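Just so you know, these numbers come straight off a predicted model, no measurement behind them. Just so it is clear: chains get the letters A, B, ... in the order the sequence lines come, proteins before strands, and each one is counted from 1.
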Amino acid sequence: ANIANPVSVDSLPKLEGELTLYLGRGEGGLYENVLQAIEKKNPNLKLGIRRGPTAALANTIVAEAKAGVRRADLFWAVDSGAIGLVTDAGLAQPIPSDLSAQLQPQFRYKEWTPVTGRIRTLPYNTSRLTKEQIPTSIMEIADSDLSIGWAPAYASFQSFVTAMRILEGDDKTAKWLKKIKKRSKTYAGELGVVMGVERGEVDIGFANHYYTLRLKSGKPDAKLDLAFTQNDAGCLVNASGVLALSDDPLATNFMRYLLSTEVQSYLASEAYEIPLVNGISVPQGIPSLSSISPPKIDLTQLADLRPTIDLMRSSGVL
Amino acid sequence: MLSVSQLSIDYGSNRVVSDLNLSLGNNEILMLVGPTGCGKSTILQALAGLIPISEGEINSGKWRATPKITVPAEKRSVGMVFQDFALFPHLTVQQNIFFRLKDTSPGEHWIKLLGLDEFRNKKPATLSGGQKQRVALARTLAHQPDFVLLDEPLSNLDAALKDMLRWDIRNALKAAGVPAIWVTHDQEEALSVGDRVGVLQGGKIQQIDTPERCFSMPNNRFVARFLGEASFISGQFSQGQATTSIGNAPAHGVDCDSGDVDVLLRPDDVLLVQSSVGNNGEVIWVRFEGGSRLCAIKLACGTVVTSRVSHEIVVNPGDAVHVSLSTSHPLAVYKQLAQ
Amino acid sequence: MLSVSQLSIDYGSNRVVSDLNLSLGNNEILMLVGPTGCGKSTILQALAGLIPISEGEINSGKWRATPKITVPAEKRSVGMVFQDFALFPHLTVQQNIFFRLKDTSPGEHWIKLLGLDEFRNKKPATLSGGQKQRVALARTLAHQPDFVLLDEPLSNLDAALKDMLRWDIRNALKAAGVPAIWVTHDQEEALSVGDRVGVLQGGKIQQIDTPERCFSMPNNRFVARFLGEASFISGQFSQGQATTSIGNAPAHGVDCDSGDVDVLLRPDDVLLVQSSVGNNGEVIWVRFEGGSRLCAIKLACGTVVTSRVSHEIVVNPGDAVHVSLSTSHPLAVYKQLAQ
Amino acid sequence: MRLPASYPMALLAALITLTPIYVLITLASDTSSVFDSHNLDILANTLSLMALTVLGSILIGVPLAFISAYVHLPFKKLWLVIFAAPLAIPSYIGAFTLYAAFGPGGEINNLLGIPTPSMDGLSGAAIVMTLYTFPFVMMTTRSSLLSLDASMVNAARTLGMSMTQSVFKVILPRVVNGIAAGSLLVALYTLSDFGTPAMMRLDTFTRVIYVEYNAFALGRAAMLSLQLMVIVGFLLMIESQIKTATERQGRPLILFPKKWQLSAMFITFAPILLLAIGLPLAIFSLWLARDGFSGFDFSIAWNSTYASAIAAVVAVIVAIPVAHAALSGKAGKVMERVTYFGFGIPGIVMGTALVYGGLQLPFLYQTLGLLIIAYTLRFLPLAVGSVRTSTEHLDPSLVKSARVLGASPREAFMRITLPLTMRGIIAGAALVFLESMRELEATLLLGPTGFETLSTYLWRVYEAGYFGRAAIPGLLLVVISACALAIMLTGEKRNQLEH
Ligand SMILES: Nc1ncnc2c1ncn2[C@@H]1O[C@H](COP(=O)(O)OP(=O)(O)OP(=O)(O)O)[C@@H](O)[C@H]1O
Ligand SMILES: Nc1ncnc2c1ncn2[C@@H]1O[C@H](COP(=O)(O)OP(=O)(O)OP(=O)(O)O)[C@@H](O)[C@H]1O
Ligand SMILES: [Fe+3]
Ligand SMILES: [Mg+2]
Ligand SMILES: [Mg+2]
């Protein structure tokens, strides 16, 4: 399909009026600058931001809808599960086609639009391993003798397990989980996983790519690098996304800003997120999207968390 | 004026005071004594309207309270002085005394009269016990109550201070001209300060009378023992005369007209003489009391009587002495208890 | 045995007790009296080793404590009875008494002797004040201390109870045969219970002597007033004889040998007679004391003296009376104060 | 019998604190129990963590209470502020910094080359939780200690017991109540906290709840929270069984320590306090130095301060009738107990429950007002506890005295009871203030949109990995909280003079 070229903010309509954004999960610290820049560019925009854990905001949006109250115009979430909850509740407004046309085809959805991507990666400790020692298949890792750090309670990990279930089936996934569990060390979040790898507590970890890049940017000599699997859930590209809850064109126009050249390149260079529009280079430290081979998966499917949680629990992982 | 009739008070199902009747003339001070837990404080609290009553009636002339008709404490125009002073610690002496006063001149009056001028801006915590007590009194009287209730107003003070304050309080009450009920468990205080004494036991009044009568003609042995050193000696009573092994004396039958009786002896009714012959008892203990000595003498029959002698007479335990009745006023006699 | 020499105690920079000297014979009970805040409790605490001393020495025969040599409380073999009983509320009576006892037989002994048998399994909270006091005493004595310190052991009790317990305690101490220092602020208690009395003021001992001498021959006016009703009348003193406007009497100069003096009069030293002629004073108040009446008489010169009369004599304020000295023992006289 | 005047208000307060639980019940109503045998070891973890934390808090809190109540120290008040300061630091921040500092490759190892054991698992979680909850035990025990009369210790000593032994046999048994009250707060806090055990890689009940919550199984999360409430109920029951005899108040003990004793105390407790407060601030400063200062909007500190201050005031206003009810009868005691439940519900679940509750009041929803109600519901027990203790010590004859001087019950309350229990009221307010300052979830979910506080800001930069930016707000949080504590202690001092 054709991909429309990204637009510059200068050619976007000015935003005027009041807009309330529910901003899920904390990478907010990084998104903050983006939001500030948008506000600066549009002095007549009154942007209200509510930050909170993604799941909590999704629950809030559903609860508000049930009570017949709508406070949020936009919901920007880092996790597609939360987006699924809101779209399944029928609360999201359709995305204009010219907007989704700017995205790569596999990232076009009717009711929401991804903003940036994040890849599942295998951070590893460079003083304990070389890249060659790491299997390129996620399933094989279960049979290796590497010690592993993971954060099974973390939403992105669960999305990854969902992807594995879809690609490999429940049985294989359950076996994989059980095997990994034997050699794993559990962390609260994937930042913890990456820190654990860097300290040498474990050989490798399962984590979104940006944690490694951020840690290395603060500590360039960190004994840490990224490895990727190929063509399996291990290098799933997931996305943070935004959806509109009000039919006010202002909300849609705000989304356009998020997909603008400037915002996308800022997110890539500063937040180490993967741009999903054309012509923006990926953050330093990871190969370009075309050089890695993520699995083909409809991200909306990942919202179906329930069976994953049950599987993980019955495998004794949760 | 205050009159109480058939008053009963319960805590839950527990009757603590029953069938209390009393009335208080203008300006009169009634001392209420009794052992711990006999219901003294309970009566005062009921009169003040701080606890509900179960039966009977309280009439102040201005209002009337019954179990049905409750008159709240703040409407009773009653003054109360508490054992632990109950001064408001966050207010100065003056603020305590002027508490809720519209016209502060009676407050000023009592500040002057009780010599509190120099403390008026101090907090209670910095005052001595006696000063606190005076402030409490001033506060109560400054509100010009119709009657005053004092709940052991001196029991938290030094013995030395007590003696002084007791009279200060009496004088202040008399100066204010209000009737008062003054609770104490100190029989000395009860006898000396008040116009009448009421002796309470187990929630029941045993006797209400002048101090002299309560002391010398107590209604029963409990009252006799409670109000001071008392010994009993058996004897015969007929026609206003009691005959005992240590002599005869005029007597008054409290609960009998004649027959075998026990005669109430106060230490002052027994004359002790140290002589070389004719002794009828042996001293078993002696207590120096300052101005006098109190001696306990065991008679041949085994009865122990007490006698007070001048401090100039030196008596020692073990001394053989002669004791005899020595009184011109009638002694109280009681029916002998069945053995 | 216990001897204290030149003991001084400071709280911070504040000297609370200075230059205390005293020694205690075996078996002797020393009563320590004085107004509030004079340092009585401080002395006891220092003797017990609960607070440090600043100067002087405490010697028990078994140990010797100075400001340098601290002997901890638990090593002093001292018994202490506290004003508020200080029973352990979480232990039963028996556990309190047997507290840390290896051999419980002395505990049993005192339980029996003080009649605590039926309470032994009760918690202190359920006991009356008098019972608590007995438990405290039993606990102290069961530990067979070398000496006992009692800090106002009765001040939290009823007047009626006090009188009884006072003697129980004395008897128990005598039975145990240990020396004791007993702090009180009740002069009656001080005079009657102990073998000697020490009067303290502002951290300094004013007098230590037998009760009789302290009462009748006080070292100074403070002691005189503190130990009981006292009035002073001016007079001349020479050759063991005092001459006053109400008569002459043998006298002893406390701080002078002759000259213008004030004569200490106790109420018993003044004889009051009601007659129709020759009266020299007017009664200004009368207090009924049970066995007697205390009267205050204002003389023509303005001096007020007090006299105690039998309760059989009825005197009323305003009566004209005749008062005279009536004593065979010498009266204490003091140099007249400069006006 | 007339009902105590405080009952209606207390009942209302109790019912309102029950609303979150009611919401949980409705949320959970379509869910079958999800408690399977697998959860048993999680339950075991939870209970072990709770037990160890309570134990740790007692081991640290009781001695510190003892020191701050009895030992004659220079700068006594300052020490007390320092002892209580850990309450100002959100425990997840503490957990994170401790994790970052310790272990091989941790900051201490990096900077000083000293190998340190890593902080994780049950022991790590218990250590961190202890460090941030022991002040609860310290504060309640201290106020019990201050109300004890010294004479009993003196009695024990003259009966031949050494000072140390007396502490254990004579003092401690009498303050069991105070220790239990503090331990209850610690236990509830431990039960409801998620961040610390998660960071320390310990599987606890709250983690199960979070997993369900994040998987959008709100019903299950609610059901599990209700199961947690059963534990809370048990704890409340156990605590209410612990009774010590009430005692007359007296002059408290004063101990004059020798030089070596002072040093010993310092050597024992300085590391603990350094760990709890010094370390997080040091680590943040280290990161600040690495990242460089990038600006901080100080109005955020103001937001935190005034929201917490209002919450503190509202909480004590509600706490007063509840505390009075607790002292007036059995029913009142039950009402008081009920208010404790709010403290034991995990923050995020509580936050969501309050969103549901708040949506019923659209005029309040997402306003500061609702946020303050939320703070009040969560932290009411802190205020109730300290108001109750101070009221217990109030001499009843003072109120009677005011009544017979002509004051109505209301006037007597306003002019006598209130000013005289101000110490407890201020202490309660300060505790609520501290907890509100570090509260996160309700603030995120219920505050006005765009309303940022120090703790939400800390959370935001922490999530983003911009740890350096946590230095300034972290420091501000500690400083402002210390000021609140200082205010609380001046209130206490003023009151001591009066008694
Ligand atoms: N609030 C109460 N509830 C139940 N019983 C009470 C209450 N207050 C007092 N009592 C009981 O009522 C009885 C009388 O108590 P009250 O306080 O009137 O005695 P008292 O004569 O004042 O004693 P004291 O000399 O010790 O002050 C006692 O047995 C006491 O236990
Ligand atoms: N811990 C303390 N610190 C400072 N001063 C104290 C302390 N304890 C007592 N004092 C002061 O020392 C003096 C003596 O006190 P102490 O308690 O010995 O008096 P007391 O004679 O026992 O009085 P009371 O009859 O009231 O018991 C008082 O002025 C008191 O204020
Ligand atoms: Fe993330
Ligand atoms: Mg009473
Ligand atoms: Mg004392």
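- Residue D:Pro448 touches chain A through its backbone alone, counting heavy-atom pairs closer than 4.5 Å.
- Residue D:Tyr356 touches chain A through its side chain alone, counting heavy-atom pairs closer than 4.5 Å.
- When heavy atoms are compared at a cutoff of 4.5 Å, A:Glu64 approaches chain D by way of both its backbone and its side chain.
- Contacts between D:Leu218 and chain A at a heavy-atom distance below 4.5 Å involve the side chain alone, from C-beta outward.
- The heavy-atom pair separating D:Leu440 from D:Ser455 by the smallest distance is CD1-O, 3.6 Å.
- With a threshold of 4.5 angstrom between heavy atoms, A:Lys185 approaches chain D through its backbone and through its side chain.
- When only modelled atom types and interatomic distance are considered, A:Asp170 and A:Thr173 share no side-chain donor-acceptor pair under 3.5 Å.
- Your options are A:Leu47, A:Ile49, A:Thr20, A:Thr308, and the one with the most heavy-atom pairs under 4.5 Å with chain D is A:Ile49.
- Judged by distance alone, the side chains of A:Ser156 and A:Asn208 do bring a donor and an acceptor atom under 3.5 Å apart.
- Closest approach of A:Ala153 and D:Val211 over heavy atoms only: CB-CG2, 3.9 Å.
- For a residue to count as touching a neighbouring chain, one of its non-hydrogen atoms must lie under 4.5 Å from one of that chain's; by this rule A:Ala58 touches chain D with the side chain only.
- Remark: the A:Ser240 side chain and the A:Thr116 side chain contain an N/O donor-acceptor pair separated by less than 3.5 Å.
- When heavy atoms are compared at a cutoff of 4.5 Å, D:Leu446 approaches chain A solely by way of its backbone atoms N, CA, C and O.
- By the 6.0 Å contact criterion, NZ on A:Lys219 is enclosed, its count of non-hydrogen atoms from other residues, nucleotides or ligands being greater than 12.
- For a residue to count as touching a neighbouring chain, one of its non-hydrogen atoms must lie under 4.5 Å from one of that chain's; by this rule A:Ala67 touches chain D with the side chain only.
- With a threshold of 4.5 angstrom between heavy atoms, D:Glu452 approaches chain A through side-chain atoms but not through N, CA, C or O.
- At a threshold of 4.0 Å, the pair A:Lys46-A:Glu39 does not count as salt-bridged, since none of the basic side-chain nitrogens sits closer than that to a carboxylate oxygen.
- Distance alone, capped at 3.5 Å, is enough to place a donor-acceptor pair between the A:Ser159 side chain and the A:Ala155 backbone.
- Only the side chain of A:Leu85 has a heavy atom closer than 4.5 Å to any heavy atom of chain D.
- Of the listed residues D:Val355, D:Ile348, D:Leu445, the one with more heavy-atom pairs under 4.5 angstrom with chain A than any other is D:Leu445.
- No part of D:Tyr210 comes within reach of chain A, as not one of its non-hydrogen atoms sits under 4.5 angstrom from that chain.
- Considering only heavy-atom pairs separated by less than 4.5 Å from chain D, the leading option among A:Gly81, A:Gly192, A:Ala72 is A:Gly81.
- No salt bridge links D:Arg207 with D:Glu212; every basic N to acidic carboxylate O contact stays at or beyond 4.0 Å.
- At a 4.5 Å heavy-atom cutoff, the contact between A:Ala82 and chain D is made by backbone and side-chain atoms alike.
- Contact of A:Asp304 with chain D is not made at all, since no heavy-atom distance falls under 4.5 Å.
- Side-chain N/O atoms of D:Thr443 and D:Tyr375 include a donor and acceptor closer than 3.5 Å.
- Checking A:Asn125 against A:Ser127 by side-chain atom types alone, a donor-acceptor pair falls below 3.5 Å.
- By number of non-hydrogen pairs under 4.5 angstrom with chain A, the leading residue of D:Thr352, D:Leu444, D:Val208, D:Asn109 is D:Leu444.
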